[in-house]
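When a ligand or atom number is given, it counts from 1 through the structure's own listing order.
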Amino acid sequence: MNLYENVSRMRNAFLAGIDSVLPHKLVRGCLKQENNRLIINGNEYPLQKNVYIVGFGKAVAGMVDPVVNRLVTPDSVSHLQRGIISVPFGSLQDMNCTIHAPEIEFLEGAKDNIPDEAAFTSAKKIVSLVESLEDDDLLLVLISGGGSALLPYPLPPLTLQEKTNIIRSLSRAGASITELNTVRKSLSRTKGGKLAELTKAQIVSFILSDIINSPLDMIASGPTLPNRDLPDATLKVLDKYGIMATEQLKSVLQRKAPTQPQMYPHVTNLIIGNNETALLGVKDSISHRTNNECQPIIVSSSLQGEASVIGERMADLATVIVDNLSCNSNDEKDLPDSLLEDLCINTDKKSVILDTIKTSRESGCGVCLIFGGETTVTVTGTGKGGRNQEMVLAASINLNERLKESSFCGEVMLLSGGTDGIDGPTDAAGAVTFWSRQHTHTISQVQEAQSEGLQPKAFLSDNDSYTYFSQLASGRDILKVGHTGTNVMDLQILFITPHK
Ligand SMILES: Nc1ncnc2c1ncn2[C@@H]1O[C@H](COP(=O)(O)OP(=O)(O)OP(=O)(O)O)[C@@H](O)[C@H]1O
Ligand SMILES: O=C(O)[C@H](O)CO
């Protein structure tokens, strides 16, 4: 197996991860129809021309078709009455959307993930549809990441512009997604469970998670989950980031919050997929493609932090593995707890990783560690890039430096990519890097870049990872898969294999 075959295996494993979280597959798996009843998660719902669909998020368009199909009974009667789906601007054309259900209205909005008048119009239409439902109707709600921006409905007197400004300021000041959505929930007519409160119809929500640990009440700001935030939660977030509360905002927050958390007996919230689902897809692919020779391990689904720092720490981890593969058993190095912590790896994985390295040393098979999560980039440069490409570039530079003196003969590879296919404001999903030594001959991506006159460190410090990977070897190591129609954050594969 040569270096480029291994790189292509990793690319295929990444694609397999994406494939396992394609929304149409996930939704189809949760729905059955028998005797004029829709069966969802073991619960039965009578079909009597009483079904409505609403959806909002970057990955919901793909959920529509399997749902619509399940609503047609064997007598060819469709029990779907109406549907409204709010999706990102341009996404229908990009995805070649071919859904032909006349009852469903697809509306685009929220260009660049920013709520706008178009998304507000979609939200108003969704609200009036939901308000019009009767007790014996069934409302299917399709939810995925990006849903917050696609269902904006500021509580009056707050305007869309004011609410957007608050969220933008918080985001620029470094607020996390849970902090942003805590604020969004308190300022909205739809978020934080308020969509569910608009009707007594039965509701089933299908939720695809794009947040670490899948907190259901935070994904797309939890429109069908009770808001359990404390009454002062929003003011605390604003205070933390030094954002002044305007009069309109104060008047919205002063409204009496319910003293008891709301219960929604008419609502079922189902998580249909998340980052862990994709990690399993990657793992299966690697096991199959290596004929079970390499035992891949999922080490984390909560990787977060500054992308370039994480890239550096990935190189540190690779160095420990490489050292342990090249030494004899008495000289094994430990995996420092601080390294595990920085890479968001639970300490209970430590012995599993060390055992795998040992097996690999004895048998000559590879070590493959799989990560998922979402890093961030503090952009200070003027270049073009994304968090995955930046992580890989930083790892590449550090691998080249750390492994200079190593006696290891084998290959080290890292891939990082976004499952939505779009890394930051670029048309790439991510990138891959490698380092390899056969006898005394070393090949590395950094060496190759330097021989082409590219200076990796200069690109990294200008946050210009996209330009770097586009130019290097004519874009050979950049991952371009286009919009995938799904979104469960990012995936990383670290693969180290000794030469036999
Ligand atoms: N030049 C750059 N280099 C590296 N990262 C960048 C650059 N410019 C923007 N980014 C990062 O890209 C991210 C924005 O990309 P994107 O639109 O994919 O955001 P997102 O909200 O994280 O979307 P999603 O969660 O759906 O992937 C930000 O985290 C930003 O720091
Ligand atoms: O829409 C949102 O709120 C984010 O994508 C998190 O789910």
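Partners of Glu197 under the salt bridge (charged side-chain N to carboxylate O under 4.0 Å, His left out) rule, at least two apart in sequence or in another chain, do not exist in this structure. Under the salt bridge (charged side-chain N to carboxylate O under 4.0 Å, His left out) criterion, Glu312 pairs with no residue, sequence neighbours left out. Every residue two or more places apart in sequence or in another chain that forms a salt bridge (charged side-chain N to carboxylate O under 4.0 Å, His left out) with Arg476 is listed here: Glu448.
Annotation: Ser144 places no N or O atom under 3.5 Å from an N or O atom of ligand 2; distance criterion only. Between Ile211 and ligand 2, no pair of N/O atoms sits closer than 3.5 Å. Ligand 2 has a nitrogen or oxygen under 3.5 angstrom from a nitrogen or oxygen of Gly146. Considering backbone and side-chain atoms alike, Ile219 places every N or O at 3.5 Å or more from each N or O of ligand 2.
Ring geometry for Phe120 against Tyr153 counts as perpendicular: the plane angle is over 60°, on a 0 to 90° scale with 30° as the lower cut.
Side-chain contact annotation: Gln445 with Thr433, donor-acceptor N/O pair under 3.5 Å present. One side chain, Asn181 or Arg184, offers a donor N or O that lies under 3.5 Å from an acceptor on the other. Looking only at atom types and distance, the side chain of Thr224 has a donor-acceptor partner in the side chain of Asn269 under 3.5 Å away.
The neighbour count for Lys283 NZ, taken as heavy atoms of other residues, nucleotides or ligands under 6.0 Å away, does not exceed 12.
Electrostatic pairing of Lys185 and Asp229 counts as a salt bridge here, judged by a charged N lying under 4.0 Å from a carboxylate O.
With Tyr52 as the aromatic partner, Arg82 does not meet the cation-pi criteria of under 6.0 angstrom to the ring centre and within 45 degrees of the ring axis.
For ligand 1, the 4.0 Å heavy-atom shell takes in Lys58, Asn113, Glu374, Val377, Val379, Gly383, Lys384, Gly385, Gly386, Arg387, Glu390, Asp420, Gly424, Pro425, Asn463, Asn487, ordered by chain and residue number.
Distances shorter than 4.0 angstrom occur between a heavy atom of Arg184 and an atom of ligand 2.
In Asn181, the part holding a heavy atom less than 4.0 Å from any atom of ligand 2 is the side chain.
Shortest contact from atom 7 (O) of ligand 2 to any protein heavy atom: Asp210 OD1, 2.6 Å. Of the protein's non-hydrogen atoms, Ser148 OG, 2.5 Å is the one closest to atom 3 (O) of ligand 2.
Below 4.0 Å from some heavy atom of Gly145 lie the following atoms of ligand 2, by number and element: 1 (O), 5 (O), 7 (O).
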